[in-house]
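Remarks on the structure that follows.
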Amino acid sequence: MHADMSLAEVSVGRLAPSPSGRLHLGHARTFALAWAHARSRSGQLRLRLEDLDRERSRPEHVQRIFRDLEWLGLDWDGEPLYQSQRLDVLREAAARLERDGVAYRCICSRAELERAAQAPQRGVSEWRYPGTCRERGVQHQGALRFRVPEGPIAFVDGLAGPQQVDVSAEVGDFVILSRNGVPAYQLAVVVDDAEQGVTEVFRGDDLLTSTARQLLLQRALGLSAPRWFHAPLVLDASGRRLAKRADDLSLEALREAGVDARAILGWVGRSAGLSALAQLTTPAELVSAYDPTHLGREPTVLSAADIAAMLALRVR
Ligand code: GLU
(Lines give C-alpha, C1' and ligand atoms only; values in the text may rest on other atoms or scores of the structure.)
Protein backbone atom coordinates (compact mmCIF):
# COMPACT_ATOMS: atom_id res chain seq x y z
CA MET A 1 0.00 0.00 0.00
CA HIS A 2 1.27 3.50 -0.83
CA ALA A 3 2.02 5.76 2.10
CA ASP A 4 -0.50 8.34 0.85
CA MET A 5 -3.20 5.66 0.60
CA SER A 6 -2.78 4.58 4.20
CA LEU A 7 -3.26 8.20 5.23
CA ALA A 8 -6.50 8.55 3.27
CA GLU A 9 -9.59 8.44 5.46
CA VAL A 10 -11.46 5.15 5.21
CA SER A 11 -15.08 5.98 4.61
CA VAL A 12 -17.57 4.23 6.88
CA GLY A 13 -21.21 3.99 5.86
CA ARG A 14 -24.11 2.24 7.55
CA LEU A 15 -27.43 0.53 7.05
CA ALA A 16 -29.87 1.42 9.82
CA PRO A 17 -33.12 -0.53 9.39
CA SER A 18 -35.92 -0.37 11.95
CA PRO A 19 -37.14 -3.91 12.74
CA SER A 20 -40.76 -2.78 12.97
CA GLY A 21 -42.05 -4.48 9.84
CA ARG A 22 -41.03 -6.35 6.74
CA LEU A 23 -38.55 -4.65 4.42
CA HIS A 24 -39.90 -3.84 0.97
CA LEU A 25 -38.51 -2.82 -2.40
CA GLY A 26 -38.03 0.78 -1.23
CA HIS A 27 -35.71 -0.43 1.53
CA ALA A 28 -33.96 -2.74 -0.93
CA ARG A 29 -33.24 0.21 -3.17
CA THR A 30 -31.94 2.51 -0.44
CA PHE A 31 -29.85 -0.23 1.17
CA ALA A 32 -28.43 -1.58 -2.10
CA LEU A 33 -27.43 1.94 -3.16
CA ALA A 34 -25.96 2.73 0.28
CA TRP A 35 -24.03 -0.53 0.13
CA ALA A 36 -22.76 0.15 -3.41
CA HIS A 37 -21.91 3.73 -2.41
CA ALA A 38 -19.60 2.44 0.34
CA ARG A 39 -18.19 -0.58 -1.47
CA SER A 40 -17.49 1.24 -4.74
CA ARG A 41 -14.89 3.26 -2.87
CA SER A 42 -13.62 0.36 -0.76
CA GLY A 43 -15.39 1.84 2.21
CA GLN A 44 -16.63 -0.04 5.22
CA LEU A 45 -20.25 -0.53 6.12
CA ARG A 46 -21.85 -1.03 9.54
CA LEU A 47 -25.25 -2.43 10.42
CA ARG A 48 -27.47 -0.96 13.12
CA LEU A 49 -30.87 -2.22 14.22
CA GLU A 50 -32.94 0.79 15.25
CA ASP A 51 -35.10 -1.07 17.72
CA LEU A 52 -35.90 1.56 20.35
CA ASP A 53 -39.62 1.41 19.64
CA ARG A 54 -40.42 -1.45 21.99
CA GLU A 55 -43.99 -1.87 20.86
CA ARG A 56 -43.21 -2.15 17.17
CA SER A 57 -39.77 -3.78 17.16
CA ARG A 58 -39.88 -7.57 16.95
CA PRO A 59 -37.12 -10.21 16.98
CA GLU A 60 -38.70 -11.90 13.96
CA HIS A 61 -38.31 -8.69 11.97
CA VAL A 62 -34.62 -8.60 12.95
CA GLN A 63 -34.21 -12.15 11.62
CA ARG A 64 -36.02 -11.18 8.41
CA ILE A 65 -33.69 -8.22 7.93
CA PHE A 66 -30.65 -10.52 8.18
CA ARG A 67 -32.22 -12.92 5.67
CA ASP A 68 -33.20 -10.10 3.30
CA LEU A 69 -29.73 -8.53 3.29
CA GLU A 70 -28.04 -11.87 2.86
CA TRP A 71 -30.39 -12.77 0.02
CA LEU A 72 -29.65 -9.51 -1.78
CA GLY A 73 -25.92 -10.06 -1.21
CA LEU A 74 -25.42 -6.91 0.88
CA ASP A 75 -22.76 -7.54 3.52
CA TRP A 76 -21.48 -5.41 6.39
CA ASP A 77 -18.43 -5.16 8.62
CA GLY A 78 -18.25 -5.95 12.30
CA GLU A 79 -21.04 -6.84 14.71
CA PRO A 80 -24.49 -5.33 14.26
CA LEU A 81 -25.36 -2.72 16.85
CA TYR A 82 -28.73 -2.90 18.61
CA GLN A 83 -29.91 0.45 19.91
CA SER A 84 -32.04 -1.22 22.58
CA GLN A 85 -28.81 -2.47 24.19
CA ARG A 86 -27.46 1.05 24.49
CA LEU A 87 -30.19 2.72 26.52
CA ASP A 88 -27.74 3.75 29.26
CA VAL A 89 -25.33 5.41 26.83
CA LEU A 90 -28.14 7.18 25.00
CA ARG A 91 -29.74 8.37 28.26
CA GLU A 92 -26.37 9.62 29.46
CA ALA A 93 -25.99 11.70 26.28
CA ALA A 94 -29.41 13.24 26.97
CA ALA A 95 -28.47 13.87 30.61
CA ARG A 96 -25.26 15.57 29.50
CA LEU A 97 -27.21 17.96 27.29
CA GLU A 98 -29.49 18.70 30.23
CA ARG A 99 -26.50 19.37 32.54
CA ASP A 100 -25.00 21.63 29.87
CA GLY A 101 -28.23 23.64 29.85
CA VAL A 102 -29.01 22.91 26.19
CA ALA A 103 -31.88 20.57 27.01
CA TYR A 104 -34.76 21.15 29.40
CA ARG A 105 -37.64 19.24 30.90
CA CYS A 106 -41.07 19.55 29.31
CA ILE A 107 -44.26 18.64 31.16
CA CYS A 108 -46.70 19.82 28.52
CA SER A 109 -49.73 17.56 28.53
CA ARG A 110 -50.96 15.88 25.41
CA ALA A 111 -53.89 18.29 25.36
CA GLU A 112 -51.56 21.32 25.52
CA LEU A 113 -49.44 19.94 22.69
CA GLU A 114 -52.51 19.21 20.59
CA ARG A 115 -53.79 22.76 21.09
CA ALA A 116 -50.40 24.15 20.03
CA ALA A 117 -50.34 21.86 17.01
CA GLN A 118 -53.67 23.21 15.81
CA ALA A 119 -52.57 26.83 15.99
CA PRO A 120 -51.89 28.04 12.45
CA GLN A 121 -48.19 28.47 11.71
CA ARG A 122 -46.91 30.84 9.07
CA GLY A 123 -46.45 28.62 6.04
CA VAL A 124 -45.05 25.86 8.17
CA SER A 125 -46.40 22.41 7.44
CA GLU A 126 -44.57 20.58 10.19
CA TRP A 127 -45.80 21.12 13.70
CA ARG A 128 -43.64 23.45 15.81
CA TYR A 129 -43.26 23.24 19.59
CA PRO A 130 -43.85 26.78 20.87
CA GLY A 131 -41.35 26.49 23.75
CA THR A 132 -43.95 26.52 26.53
CA CYS A 133 -41.65 24.80 29.05
CA ARG A 134 -38.46 26.70 28.15
CA GLU A 135 -38.69 28.96 31.18
CA ARG A 136 -40.78 26.74 33.45
CA GLY A 137 -37.64 25.39 35.11
CA VAL A 138 -39.07 21.91 35.70
CA GLN A 139 -36.62 19.43 37.28
CA HIS A 140 -36.43 15.61 37.18
CA GLN A 141 -39.69 14.88 35.36
CA GLY A 142 -41.20 15.08 31.92
CA ALA A 143 -39.63 14.69 28.50
CA LEU A 144 -36.28 16.30 27.61
CA ARG A 145 -36.31 18.84 24.80
CA PHE A 146 -33.28 20.20 22.98
CA ARG A 147 -33.08 23.99 23.11
CA VAL A 148 -32.81 24.90 19.43
CA PRO A 149 -30.77 28.02 18.63
CA GLU A 150 -32.42 30.57 16.34
CA GLY A 151 -31.50 30.95 12.70
CA PRO A 152 -30.90 28.76 9.67
CA ILE A 153 -28.60 25.73 9.58
CA ALA A 154 -26.79 25.19 6.29
CA PHE A 155 -25.23 22.01 5.00
CA VAL A 156 -24.42 20.43 1.67
CA ASP A 157 -25.98 17.09 0.82
CA GLY A 158 -23.91 14.94 -1.52
CA LEU A 159 -26.99 14.12 -3.62
CA ALA A 160 -29.59 16.80 -2.82
CA GLY A 161 -27.13 19.73 -2.92
CA PRO A 162 -27.01 22.78 -0.63
CA GLN A 163 -29.70 22.85 2.06
CA GLN A 164 -30.84 25.47 4.52
CA VAL A 165 -33.22 24.66 7.35
CA ASP A 166 -34.45 26.87 10.16
CA VAL A 167 -35.13 24.28 12.85
CA SER A 168 -36.20 26.89 15.38
CA ALA A 169 -38.88 28.24 13.03
CA GLU A 170 -39.99 24.92 11.57
CA VAL A 171 -39.79 22.41 14.41
CA GLY A 172 -38.84 24.32 17.55
CA ASP A 173 -37.30 22.62 20.57
CA PHE A 174 -37.57 18.91 19.84
CA VAL A 175 -37.78 15.89 22.14
CA ILE A 176 -34.57 13.91 22.72
CA LEU A 177 -35.82 11.70 25.56
CA SER A 178 -39.44 10.76 26.18
CA ARG A 179 -41.00 11.19 29.61
CA ASN A 180 -40.56 7.46 30.24
CA GLY A 181 -36.89 7.57 29.36
CA VAL A 182 -36.89 6.32 25.77
CA PRO A 183 -34.24 8.11 23.65
CA ALA A 184 -35.72 9.76 20.56
CA TYR A 185 -34.59 8.76 17.07
CA GLN A 186 -32.82 12.11 16.51
CA LEU A 187 -30.58 11.62 19.54
CA ALA A 188 -29.99 7.89 19.08
CA VAL A 189 -28.97 8.23 15.44
CA VAL A 190 -26.37 10.88 16.26
CA VAL A 191 -24.85 9.07 19.25
CA ASP A 192 -24.78 5.71 17.46
CA ASP A 193 -23.42 7.02 14.16
CA ALA A 194 -20.52 8.40 16.22
CA GLU A 195 -20.19 5.11 18.16
CA GLN A 196 -19.95 3.19 14.89
CA GLY A 197 -17.44 5.63 13.38
CA VAL A 198 -19.79 6.53 10.53
CA THR A 199 -18.35 9.13 8.14
CA GLU A 200 -21.02 8.90 5.40
CA VAL A 201 -24.76 8.63 5.95
CA PHE A 202 -26.59 7.38 2.85
CA ARG A 203 -30.36 7.08 3.39
CA GLY A 204 -33.77 7.99 2.00
CA ASP A 205 -35.00 11.49 1.22
CA ASP A 206 -37.66 11.21 3.96
CA LEU A 207 -34.88 11.91 6.46
CA LEU A 208 -33.47 14.99 4.74
CA THR A 209 -35.59 17.21 6.99
CA SER A 210 -34.13 15.52 10.09
CA THR A 211 -30.55 16.26 9.12
CA ALA A 212 -30.40 19.80 10.50
CA ARG A 213 -31.66 18.54 13.89
CA GLN A 214 -28.98 15.90 13.86
CA LEU A 215 -26.32 18.49 12.99
CA LEU A 216 -27.41 20.59 15.97
CA LEU A 217 -27.12 17.60 18.29
CA GLN A 218 -23.71 16.68 16.87
CA ARG A 219 -22.47 20.19 17.58
CA ALA A 220 -23.89 20.21 21.11
CA LEU A 221 -22.27 16.84 21.88
CA GLY A 222 -18.94 17.78 20.28
CA LEU A 223 -19.23 15.05 17.62
CA SER A 224 -18.00 15.45 14.08
CA ALA A 225 -20.66 15.49 11.39
CA PRO A 226 -20.69 12.80 8.70
CA ARG A 227 -21.22 13.61 5.02
CA TRP A 228 -24.87 13.20 3.99
CA PHE A 229 -26.37 11.56 0.92
CA HIS A 230 -30.16 11.50 0.65
CA ALA A 231 -31.54 9.36 -2.14
CA PRO A 232 -34.99 9.79 -3.73
CA LEU A 233 -37.69 7.43 -2.49
CA VAL A 234 -39.71 4.80 -4.31
CA LEU A 235 -43.37 5.57 -5.03
CA ASP A 236 -46.06 3.10 -6.01
CA ALA A 237 -48.04 3.46 -9.23
CA SER A 238 -50.51 5.80 -7.48
CA GLY A 239 -47.71 8.11 -6.42
CA ARG A 240 -47.66 7.09 -2.75
CA ARG A 241 -44.62 6.07 -0.79
CA LEU A 242 -44.17 2.35 -0.44
CA ALA A 243 -45.08 1.55 3.11
CA LYS A 244 -44.07 -1.29 5.37
CA ARG A 245 -47.71 -2.34 5.16
CA ALA A 246 -47.17 -3.21 1.51
CA ASP A 247 -46.43 -6.74 2.61
CA ASP A 248 -47.17 -8.25 -0.77
CA LEU A 249 -44.12 -6.37 -2.04
CA SER A 250 -42.02 -7.32 0.96
CA LEU A 251 -38.64 -8.79 0.20
CA GLU A 252 -39.70 -11.90 2.08
CA ALA A 253 -42.77 -12.36 -0.14
CA LEU A 254 -40.73 -11.83 -3.30
CA ARG A 255 -38.12 -14.32 -2.11
CA GLU A 256 -40.79 -16.87 -1.27
CA ALA A 257 -42.34 -16.34 -4.70
CA GLY A 258 -39.01 -17.44 -6.17
CA VAL A 259 -37.86 -14.04 -7.44
CA ASP A 260 -34.15 -13.92 -8.28
CA ALA A 261 -32.39 -11.40 -6.01
CA ARG A 262 -30.35 -10.28 -9.03
CA ALA A 263 -33.60 -9.06 -10.65
CA ILE A 264 -34.06 -6.72 -7.68
CA LEU A 265 -30.52 -5.39 -7.96
CA GLY A 266 -31.07 -4.97 -11.72
CA TRP A 267 -34.18 -2.86 -11.05
CA VAL A 268 -32.34 -0.89 -8.34
CA GLY A 269 -29.40 -0.11 -10.60
CA ARG A 270 -31.45 0.76 -13.67
CA SER A 271 -33.84 2.91 -11.64
CA ALA A 272 -30.76 4.74 -10.36
CA GLY A 273 -29.71 5.68 -13.87
CA LEU A 274 -27.22 2.84 -14.37
CA SER A 275 -28.85 1.93 -17.65
CA ALA A 276 -26.07 -0.38 -18.85
CA LEU A 277 -26.93 -2.91 -16.13
CA ALA A 278 -28.68 -6.12 -17.12
CA GLN A 279 -32.07 -7.19 -15.77
CA LEU A 280 -30.19 -9.69 -13.66
CA THR A 281 -27.39 -7.85 -11.88
CA THR A 282 -24.99 -9.25 -9.29
CA PRO A 283 -23.85 -7.23 -6.26
CA ALA A 284 -20.35 -6.99 -7.78
CA GLU A 285 -21.81 -5.62 -11.03
CA LEU A 286 -23.83 -3.04 -9.11
CA VAL A 287 -20.70 -1.91 -7.27
CA SER A 288 -18.62 -1.49 -10.41
CA ALA A 289 -21.39 0.38 -12.26
CA TYR A 290 -22.36 2.57 -9.30
CA ASP A 291 -22.20 6.29 -10.06
CA PRO A 292 -24.14 8.71 -7.83
CA THR A 293 -24.11 11.42 -10.52
CA HIS A 294 -26.73 9.35 -12.44
CA LEU A 295 -29.08 9.08 -9.50
CA GLY A 296 -31.23 12.16 -10.18
CA ARG A 297 -33.58 13.88 -7.72
CA GLU A 298 -36.97 12.52 -8.75
CA PRO A 299 -38.62 9.66 -6.85
CA THR A 300 -38.67 6.33 -8.64
CA VAL A 301 -42.07 4.96 -9.56
CA LEU A 302 -42.34 1.22 -9.11
CA SER A 303 -44.68 0.22 -11.91
CA ALA A 304 -46.71 -2.95 -12.38
CA ALA A 305 -44.39 -3.68 -15.32
CA ASP A 306 -41.33 -3.50 -13.05
CA ILE A 307 -42.92 -6.00 -10.67
CA ALA A 308 -44.03 -8.26 -13.51
CA ALA A 309 -40.48 -8.24 -14.89
CA MET A 310 -39.10 -9.34 -11.52
CA LEU A 311 -41.69 -12.09 -11.23
CA ALA A 312 -40.95 -13.24 -14.77
CA LEU A 313 -37.37 -13.99 -13.75
CA ARG A 314 -38.32 -16.48 -11.07
CA VAL A 315 -35.76 -19.14 -10.26
CA ARG A 316 -38.36 -21.83 -9.51
N1 GLU B 1 -34.16 3.53 11.02
C2 GLU B 1 -34.53 4.55 10.07
C3 GLU B 1 -35.53 3.97 9.10
O4 GLU B 1 -35.61 2.77 8.94
C5 GLU B 1 -33.35 5.09 9.29
C6 GLU B 1 -32.55 6.03 10.11
C7 GLU B 1 -31.41 6.71 9.39
O8 GLU B 1 -30.99 6.22 8.33
O9 GLU B 1 -30.93 7.72 9.90
O10 GLU B 1 -36.24 4.75 8.49
Side-chain angles (χ1 to χ4, degrees), residues 11-38 43-58 61-66 68-69 72 74 76 80-86 90 93 155 157-160 163 165 167 171 174-176 182-218 221 223-235 240-247 249-252 299:
S11 77
V12 181
R14 44 65 154 192
L15 307 177
S18 302
S20 53
R22 288 171 172 76
L23 300 187
H24 53 59
L25 285 168
H27 296 106
R29 184 169 188 270
T30 305
F31 292 155
L33 293 175
W35 177 83
H37 189 83
Q44 298 201 355
L45 201 74
R46 309 263 184 258
L47 180 63
R48 178 166 73 238
L49 283 310
E50 301 213 320
D51 57 353
L52 287 175
D53 183 336
R54 275 197 223 158
E55 272 164 38
R56 297 173 62 217
S57 299
R58 301 263 165 76
H61 291 316
V62 174
Q63 293 314 315
R64 283 194 183 97
I65 288 171
F66 288 139
D68 291 342
L69 295 177
L72 292 172
L74 311 182
W76 63 90
L81 181 147
Y82 293 81
Q83 289 190 317
S84 60
Q85 293 175 3
R86 289 176 40 80
L90 299 172
F155 63 95
D157 187 273
L159 298 176
Q163 306 290 316
V165 182
V167 180
V171 183
F174 56 91
V175 172
I176 55 171
V182 181
Y185 158 71
Q186 306 291 354
L187 179 71
V189 77
V190 158
V191 172
D192 285 343
D193 275 340
E195 166 69 20
Q196 294 188 289
V198 170
T199 62
E200 303 207 331
V201 169
F202 187 111
R203 61 187 179 188
D205 258 350
D206 52 329
L207 293 164
L208 184 57
T209 55
S210 286
T211 307
R213 271 170 272 178
Q214 293 168 17
L215 271 167
L216 286 172
L217 291 177
Q218 276 149 359
L221 290 165
L223 303 170
S224 54
R227 286 183 292 279
W228 312 94
F229 300 86
H230 287 89
L233 297 174
V234 179
L235 305 181
R240 279 191 302 258
R241 257 181 74 182
L242 289 191
K244 285 208 174 114
R245 290 179 300 281
D247 274 353
L249 290 181
S250 73
L251 299 182
E252 180 179 60

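Only this structure's heavy atoms are used, side chains among them; waters, hydrogens and symmetry mates stay out. Numbering of ligands and ligand atoms starts at 1, following listing order.
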* Under 3.5 Å donor-acceptor, Arg22 side chain and Ser250 backbone ->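 Looks like no, no N/O pair under 3.5 Å.
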* Asked: CG of Asp193 to CD of Glu200: how many Å apart, nearest 0.5 Å?
  -> 12.0 Å
* Structure fact -> OG (Ser20) and CG (Leu52) are apart, to the nearest 0.5 Å, by 11.5 Å
Under 3.5 Å: N/O of [X] near N/O of ligand 1:
X	answer
Arg48	no
Ala16	yes
Ser18	yes

* Judged by non-hydrogen atoms, does Arg14 sit under 4.0 Å from ligand 1? ->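 Yes; Arg14 lies near enough to ligand 1 that a heavy-atom distance drops under 4.0 Å.
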* Asked: Using heavy atoms and a threshold below 4.0 Å, how should the contact between Val201 and ligand 1 be classified: side chain, backbone, both, or neither?
  -> neither
For [X], atoms of ligand 1 separated by under 4.0 Å from a heavy atom:
X	value
Leu207	5 (C), 6 (C), 7 (C), 8 (O), 9 (O)
Tyr185	6 (C), 7 (C), 9 (O)
Val189	9 (O)
Arg203	7 (C), 8 (O), 9 (O)

* Do the rings of His27 and His24 sit parallel, tilted or perpendicular, given the 30° and 60° boundaries? ->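 Rings of His27 and His24: tilted, as their planes differ by 30° to 60°.
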* Is there a donor in the side chain of Arg48 and an acceptor in the side chain of Gln196, or the other way round, less than 3.5 Å apart? -> yes
